Amino acid sequence: MNRATDVLADWDDRIGQSPASLHDQRQTQEISDLRRQLKNNRQVRQQLQDQVDAAATVIAVLLAENTALREQATKQSAVIIPLDRTHFISE
């Protein structure tokens with residue numbers, strides 16, 4: 001049988017075109033496609049996570065600045081500055 005290369009080639013050809021083999025080939029291709037899609041989805045998820053982390057950092061900084069400005073505005077508005085009435089009296 002090892003010498004019958006034509007027979008073996010014909011056998012391999014028929015096996016390669018059998019319904020079971022075609023099914024296996026489709027499954028193998030589908031698994032490859034799904035793995036590629038999973039890899040791409042993981043990369044996109046990581047990019048989105050990086051954007052969320054950056055946005056959270058900016059939000060935290062803005063919140064701290066906003067709180068400091070509110071405290072500063074509260075302290076300034078509580079200060080009463082007396083006006084010199086002599087400037088407002090008509091002569």
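Computed from a predicted model, the values in this text were never measured in an experiment.
- Partners of Thr57 under the side chain to side chain contact (heavy atoms under 4.5 Å, CB included) rule, at least two apart in sequence or in another chain, do not exist in this structure.
- Among residues two or more places apart in sequence or in another chain, the side chain to side chain donor-acceptor pair (under 3.5 Å) test is passed with Glu30 by none.
- Contact check for Thr28 versus Gln25: no side-chain heavy atoms found under the 4.5 Å cut-off.
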Could you go step by step and tell me if Gln37 and Asn40 meet the side chain to side chain contact (heavy atoms under 4.5 Å, CB included) rule? CA-CA 5 Å; Gln37 183 181 4; Asn40 290 339; 5.6 Å; no
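- In the hydrophobic clustering, where aliphatic and aromatic side chains (Ile, Leu, Val, Met, Phe, Trp, Tyr) are joined below 4.5 Å either directly or transitively, Val58 groups with Leu62.
- Remark: Arg36 pairs with Asp33 by the side chain to side chain donor-acceptor pair (under 3.5 Å) rule, at least two apart or across chains.
- The distance from the CG atom of Leu34 to the CD atom of Gln29 is 10.0 Å, given to the nearest 0.5 Å.
- Judged as a side chain to side chain contact (heavy atoms under 4.5 Å, CB included), and not counting sequence neighbours, the contacts of Arg70 are Asn66.
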Using a 3.5 Å cut-off and no angle test, enumerate the donor-acceptor pairs between side-chain atoms of residues 48-55 and protein atoms at least two apart in sequence or in another chain.
residue, atom, partner, partner atom, Å
Gln49, NE2, Asp53, OD1, 2.9
Asp50, OD1, Gln46, NE2, 2.9

